[in-house]
Structures are given as structure tokens and as C-alpha cells.
Amino acid sequence: MHGSRREFLRAAGLVAGGALLPAPLLTGRAAAATPAPQAAAASPWDQVPAILARIVPPAFPDRTFDITAYGAVGDNTTDCTPAFAKAIAACNAAGGGTVLVPSGTYRTGKIHLLSDVRLQVNGTIRFRTDHGSYQPNVFTRYEGIECYNFSPFIYANGRTNIAISGTGTIDGNAPAGDWSSMGSGGADSDRLRQYGADDTPVDQRQFGEGHKLRPNMIGLYNCTNVLVEGVTLTNPAMWTLHPVYCVNVTVRGVTFRSTNSQGDGCDPDSCTDVHIHDCRFDTNDDCIPVKSGRDRDGRRVNRPSQNIVIENCKFSGRWGGVTIGSEASGGVRNVFAQDCQVNPADFPGRYPCKYALYVKTSFNRGGFIEGVHLRRVTGHGLERAALYVTLNYETGGSLPPAVGDITADRITVDGAAQAFALDGRSADHIRNVTISNSTFTNVTTAAPTVNYVDNLVLAGVTVNGKDISTTQPPPAARYEAENATISQGAAESDHTGFSGTGFVNTDNVAGAYVQFTVTAAAAGSRTLRIRYSNGTAVDRPMAIAVNGAAAATRSYPATANWDTWATDTLTVPLAAGSNTVRLTATTAGGCPNLDYIEVA
Ligand code: GCU
Ligand code: CA
């Protein structure tokens with residue numbers, strides 16, 4: 001996919017410039033001596049369970065308001081704008097429920113959501129292309145600056161408990177209209193930026209009909225308890241899904257197809273507690289850009305985006321997968337992204353992403369970007385640096401943004417112009433960047449860019465097979481099974497390949513267990529590795545309990561023979577100090593043979 005285009009960009013050398021990594025960093029260095037095993041420190045990821053516990057999607061009363069009962073006709077022609085408005089008003093007046101869009105294609109202008117309403121889209125909503133359908137102006141934030149403009153196609157302001165869900169499609173239909181001719185706003189964009197710079201009262205910043213600021217497709221403002229689930233969102237005029245000043249937002253199972261210019265996917269803008277998961281992005285711009293306002297206007301509003309958790313997403317798009325900025329003047333903190341795929345073969349999209357992580361800001365923005373964490377992210381065919389952090393997105397300005405506390409762990413990228421580029425400024429260093437346990441292959445420019453970075457830690461990082469680590473990851477603490485507490489089994493050594501003095505062969509019964517005592521320096525989630533062999537053809541599942549509480553159930557498949565060992569890796573919660581980890585056979589086969597566990 002995209003082969004020729006990508007090859008062209010590589011050949012053209014369109015990669016981030018800047019100084020090369022200082023020579024010593026490029027030399028693989030073995031740790032001088034292996035330090036004594038230590039319990040691993042707490043991880044920033046330990047904040048995630050508490051964030052996710054707060055993010056609860058809204059529930060709706062069991063009442064249905066079918067739009068066809070309010071005059072809607074799914075003939076792709078009839079204007080259903082009044083029917084949507086009536087059905088939503090009736091649903092809200094009744095105390096909430098579901099407004100149903102059944103099969104069929106419903107043409108409509110703006111849809112304004114009210115509290116306690118779920119818009120359930122099983123058919124297709126196709127938006128009208130005339131500008132008048134999005135008048136009068138409503139309060140919006142256009143590229144990070146507040147103003148009054150066209151209504152987003154779907155809009156809510158100040159609502160509680162709202163959802164857009166279903167198996168259907170919401171089609172912005174932008175290519176059929178003249179939205180694209182408005183381009184990036186021209187003189188209107190300049191005027192809006194000047195209003196922001198001058199602190200012009202927001203109600204005097206009027207655009208809409210006769211102006212060139214394109215509306216976003218779904219704009220949700222000042223809403224609490226928001227769910228967007230399942231639907232396919234396609235053909236927006238500009239950005240696709242734009243939650244602004246919202247708290248408690250879930251976006252799950254959504255497919256984004258936004259291939260018009262500036263077609264961002266999901267832009268959380270000055271939002272708190274956002275969970276975006278199991279979504280697919282095929283965008284013409286950033287897939288998930290986290291934002292918080294632009295320049296002086298963003299600082300005036302001064303609301304950060306914070307506690308954003310992104311999981312199990314597939315990214316194809318013209319710029320970044322996980323993006324922070326560029327409109328981040330109100331600050332961004334605590335962004336977590338895990339188990340995501342960039343440019344996956346099974347979801348190619350129209351454009352490949354250039355970056356897996358793209359942090360972009362400037363001295364015009366000011367503000368802060370602190371706490372950005374990626375783990376278990378895979379990528380292919382990234383046109384530029386897999387991880388790119390720049391404070392040089394624009395020239396000019398006098399407000400150094402504070403950017404730091406960025407971690408990337410277990411990043412596996414095959415094909416990129418560069419592994420990473422960290423581009424600070426002499427007057428504003430990027431602080432505290434750790435890249436660990438990461439492998440970058442088929443990288444065309446072997447040397448990463450590192451300009452003005454304080455405390456860069458590279459631990460277990462290879463580029464094209466060469467170890468560029470400045471340190472090694474803390475060694476895992478290993479606990480041999482033969483030294484653990486064994487119930488219904490025995491330590492043996494009649495196979496090869498084990499570590500220590502042997503392994504544990506449990507009896508072939510359910511309930512046989514091996515219990516380890518492990519220590520942790522601080523409470524939090526840890527990586528647990530279990531080394532086992534299974535010389536049979538039948539899985540040997542085990543229940544894993546930590547301190548008596550069930551933590552996981554895992555299946556242990558054949559390893560060819562009893563001399564061949566495999567390692568299973570999972571994450572478990574540990575308390576500070578001493579912990580028990582018990583592995584219990586759950587079937588009559590017993591446990592697989594157990595060599596050791598490691599805790600990192
Ligand atoms: C064989 C093997 C043991 C293993 C056992 C089992 O006896 O030698 O190491 O534990 O099979 O099936 O559990
Ligand atoms: Ca056995």
C-alpha cells in the first residue's frame with residue numbers, strides 16, 4: 001500500500017532536519033556491571049486505572065423516538081431537519097431516551113442534541129450542502145479560537161448525557177457541496193486570529209454565511225457524559241469529531257473517514273477524562289490531535305486537555321497518529337496511548353501517517369505539554385520520524401512552551417525515515433524523554449535528531465539492529481520456580497534449557513500451583529514474565545493470582561517439546577513491598593513445566 005508515494009518521499013529526503021545525535025549516544029554501550037536486581041519503580045501508567053474508573057458512558061431511559069414518526073423520510077431527498085428537531089425535543093421533554101434513525105438515508109441540515117438524548121443511527125444521515133442549513137451562527141472554537149460561526153452539522157452546547165451511536169453512517173457529504181472552496185479560511189482566518197490577539201469580545205467575532213470558516217462535522221461544547229460509539233463518520237467539511245470543554249467522554253468502535261483537506265479525526269479540545277478506543281482512522285490530517293486553544297485566545301480561556309486514554313486504535317492519516325497540538329496554548333497533560341497500530345496492513349486508509357507520535361508547538365502557543373506516554377505501539381511505513389516532538393512548528397513568538405515527561409515503551413516500527421526526532425530550542429529545552437525496549441527497523445536515516453533535550457534516556461533501543469541505548473532497562477528480578485512454594489508438584493531437572501537448578505513439574509491435576517514471593521519498590525502495575533514449557537499438544541491454562549486476588553487467566557500452548565521454553569508476558573498490579581504471585585493449573589493437565597517468573 002502507498003508504496004510508490006512513500007518511496008518517493010523517502011528518496012526526496014523529506015525528513016526532519018537538525019543536528020545529529022551526539023556521537024557517544026550512537027555507540028552501543030553495555031552496562032558496566034549488572035546491578036543487583038531491584039524492584040522496578042512505579043510507572044506513569046499507574047494513573048490510568050483511576051482515570052478510566054472516572055470515565056463512565058451515559059445510560060439512557062428505555063424510550064424510543066423514531067424520526068419517521070416525526071416526518072422524516074429515508075429517501076435521500078426529503079429535508080428531515082424539522083423531524084430531527086422535533087424527535088429530539090420530544091425525547092428530551094419525556095425525560096430522555098433514544099432518537100432512532102432507522103434504515104434509509106435521511107437528508108438533513110443541522111442537528112442540535114439535547115440532554116439525555118441518544119441519537120441511534122442505524123441508517124444513514126446525509127447532510128445538506130447549502131450553507132443556510134447551518135445558520136444561524138452558534139458559539140464555536142475554530143482552530144482553537146472562540147467565535148460564532150456556522151453550526152457544526154451535529155452540535156450540542158451545555159448538555160449532560162448525550163450519545164451518538166449505532167451501526168450506521170453519518171455522512172457530511174462535503175464533496176458534494178462547496179465547502180472545500182473555502183480552503184483554510186483566507187482573510188477570515190486572519191481576522192479571527194487578530195480578534196484573538198486583540199481580546200475582541202467573543203460575541204463580536206461573527207462569521208458564518210458569506211465567510212470562509214468551514215464548520216466541523218460534530219461539535220460538542222461544554223457537555224458532561226458523552227458517548228460516541230459504533231458509527232462510521234465520513235466526508236466532514238473539516239474536522240470530524242470535536243469535543244470542546246467536555247468532561248467524561250467515551251469514543252469507541254468508531255470509524256473515521258475524513259479525507260478532505262484538514263480532515264482531522266477526533267480532536268479533544270480542552271477536555272478532561274477522555275477514553276478513545278477500538279477506533280479506526282482514515283484521515284487527511286491528524287488522527288487524534290489533542291488540543292487546548294490557540295495562542296492568546298487559548299491562554300485567555302486557559303483550559304487544558306487532560307487525562308486522555310487512547311487504546312487499540314488503527315491509524316492511517318496524512319500527519320500524526322497520536323498528535324498533541326498544535327493548538328495547545330491551554331496546556332495538555334496526561335495523554336496515554338497503548339496497543340495502537342500505525343499504517344496497519346489491514347486498514348490502509350487513503351494516506352499513510354508520517355508520525356506515530358507528533359507533538360507540535362511553538363513560541364506563539366506558550367502553555368505546556370507534560371506527560372505523554374505511549375506503549376506497545378507498532379508502525380509500518382512512516383514517512384518521517386516515528387516519534388516527533390518539535391517546539392519549532394512555527395517561527396516567531398516569545399512564550400516558550402513547557403514540554404516534557406514523554407515516554408515511549410515497546411515501540412516497534414518497521415519502516416520510517418527516522419526513529420525519532422526531538423527538536424527543542426536553545427531557549428526552551430524538551431525535558432525528560434525516555435524511550436525504552438523499542439525496535440526500529442528499515443529506518444532510512446539511521447541517526448535520530450536530538451536538539452536541546454534535557455535528560456534523554458534510551459534504554460533497550462535499537463535502530464536498524466544497532467543498539468543506541470544510553471543505559472539498559474532496569475534488570476528484571478527473576479524468581480526461580482524450584483525455589484518457590486509448590487503444591488502438588490516437585491522440582492525436577494530431567495529436561496534441558498532451564499535456568500537455575502531446575503524447573504517445577506506439577507502433578508497433572510487442576511488446582512496444582514506454584515506460589516512465588518516477589519517484592520516491589522512501589523505499588524503499581526508491573527510486567528510479569530512466565531517461562532514455561534509444554535511438551536504436549538494440549539494447552540495448559542493457568543489462573544494467575546496476586547496477593548490472593550485473580551489477576552489473569554492465561555493459556556499455555558505447546559512449545560514443541562519439554563526442552564523448549566517460551567515466555568508469556570502480562571501486566572499485574574503489585575503492592576509496595578512483599579507480594580504473592582500464585583500460578584494455579586485450571587485443567588486436569590496441570591501446569592506447564594515452570595522455569596521462573598520475572599518482574600520488571
Ligand atoms: C512428562 C514430562 C514432565 C511433564 C509431564 C506433564 O512426564 O517429562 O516434565 O511435567 O510430562 O505432562 O506434565
Ligand atoms: Ca506435569
Side-chain angles (χ1 to χ4, degrees), residues 3 6-7 9-35 40 320-322 340-345 352-359 372-390 406-424 429-476 527 529 567 569 598 600:
R6 208 172 289 154
E7 293 311 320
L9 287 167
R10 272 188 205 156
L14 290 178
V15 297
L20 300 183
L21 197 61
L25 293 183
L26 291 172
T27 311
R29 285 193 216 152
T34 305
V322 175
C340 292
Q341 300 174 47
V342 186
N343 304 332
C353 285
K354 293 178 173 60
Y355 315 106
L357 173 68
Y358 186 15
V359 177
V372 178
H373 307 286
L374 265 65
R375 69 181 182 188
R376 299 189 302 252
V377 172
T378 62
H380 300 274
L382 293 158
E383 291 181 341
R384 300 188 189 174
L387 310 172
Y388 183 33
V389 180
T390 182
I406 298 171
T407 67
D409 184 50
R410 285 168 280 175
I411 308 300
T412 308
V413 168
D414 183 39
Q418 254 185 322
F420 55 91
L422 307 172
D423 197 20
H429 293 198
I430 299 168
R431 292 166 294 103
N432 305 334
V433 178
T434 298
I435 304 173
S436 52
N437 306 307
S438 293
T439 304
F440 303 88
T441 49
N442 287 306
V443 174
T444 49
T445 302
T449 299
V450 179
N451 291 333
Y452 307 113
V453 181
D454 296 341
N455 189 25
L456 170 63
V457 176
L458 304 174
V461 179
T462 64
V463 177
N464 292 345
K466 181 177 168 116
D467 190 339
I468 63 162
S469 302
T470 51
T471 182
Q472 289 303 314
T527 299
R529 285 191 286 273
T567 303
T569 302
E598 284 182 341

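The structure presented is a predicted model; accordingly, all values stated were derived computationally and were not measured.
A tilted orientation is assigned to the rings of Tyr452 and His429, their planes being inclined by 30° to 60°.
The main-chain N or O of Arg431 is never found under 3.5 Å from a side-chain atom of Asp454 such that the two would form a donor-acceptor pair. A donor-acceptor pair under 3.5 Å is formed between the side chain of Asn464 and the backbone N or O of Asn442. No donor-acceptor distance shorter than 3.5 angstrom exists from the side chain of Glu383 to the backbone of Ala417, with no hydrogens or angles considered.
Counting heavy atoms from C-beta outward, Ile406 and Val389 have side chains that approach closer than 4.5 Å. Two residues are said to be in side-chain contact when any heavy atoms from C-beta on lie closer than 4.5 Å; Tyr355 and Val342 fail this criterion.
The minimum heavy-atom distance linking Cys353 with Gly321 is given by the pair SG-N, 4.0 Å. Smallest separation of non-hydrogen atoms from Asn437 and Pro473: OD1-CG, 3.3 Å. Residues Val443 and Thr445 come closest through the heavy atom pair CG1-O, 3.2 Å. Closest of all the heavy-atom pairs between Ala419 and Val463 is CB-CG2, 3.9 Å. Contact detail for Ser438 and Ala408: the closest heavy-atom pair is OG-O, 4.0 Å. Nearest heavy atom pair, residue Val413 against residue Ala416, reads CG1-CB, 3.9 Å.
Interatomic distance, CZ of Arg384 versus OG1 of Thr444, reported as 12.0 Å (0.5 Å rounding). Atom CG in Leu382 sits 10.0 Å away from atom CG in Asp414 (nearest 0.5 Å). The structure places CG of Asp423 at 5.0 Å from CG of Asn451, a figure rounded to the nearest 0.5 Å. Taking CD1 of Ile435 as the reference point, atom CG of Leu357 lies at 9.5 Å (rounded to 0.5 Å).
Partner of Leu374 under the side-chain contact (heavy atoms from CB on, under 4.5 Å) criterion, out of Thr407, Asp409, Leu387: Leu387 alone.
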Verify side-chain contact (heavy atoms from CB on, under 4.5 Å) between Thr470 and Leu456, making sure each step is shown before the conclusion.
-> CA-CA 9 Å; Thr470 51; Leu456 170 63; over 6 Å; no

Step by step, would you call Thr449 with Tyr388 a side-chain contact (heavy atoms from CB on, under 4.5 Å)?
-> CA-CA 9 Å; Thr449 299; Tyr388 183 33; over 6 Å; no

Please lay out, stage by stage, how Phe440 and Ile468 fare under the test side-chain contact (heavy atoms from CB on, under 4.5 Å).
-> CA-CA 11 Å; Phe440 303 88; Ile468 63 162; over 6 Å; no

Residues Gln472, Asp467; criterion side-chain contact (heavy atoms from CB on, under 4.5 Å); working and verdict | CA-CA 10 Å; Gln472 289 303 314; Asp467 190 339; 3.6 Å; yes

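Residues that satisfy the side-chain hydrogen bond (donor to acceptor under 3.5 Å, both in side chains) test with Arg410, not counting sequence neighbours, are absent from this structure. Remark: Arg529 pairs with Glu598 by the side-chain hydrogen bond (donor to acceptor under 3.5 Å, both in side chains) rule, at least two apart or across chains. In this view, Thr434 satisfies the side-chain hydrogen bond (donor to acceptor under 3.5 Å, both in side chains) rule with no residue, not counting sequence neighbours.
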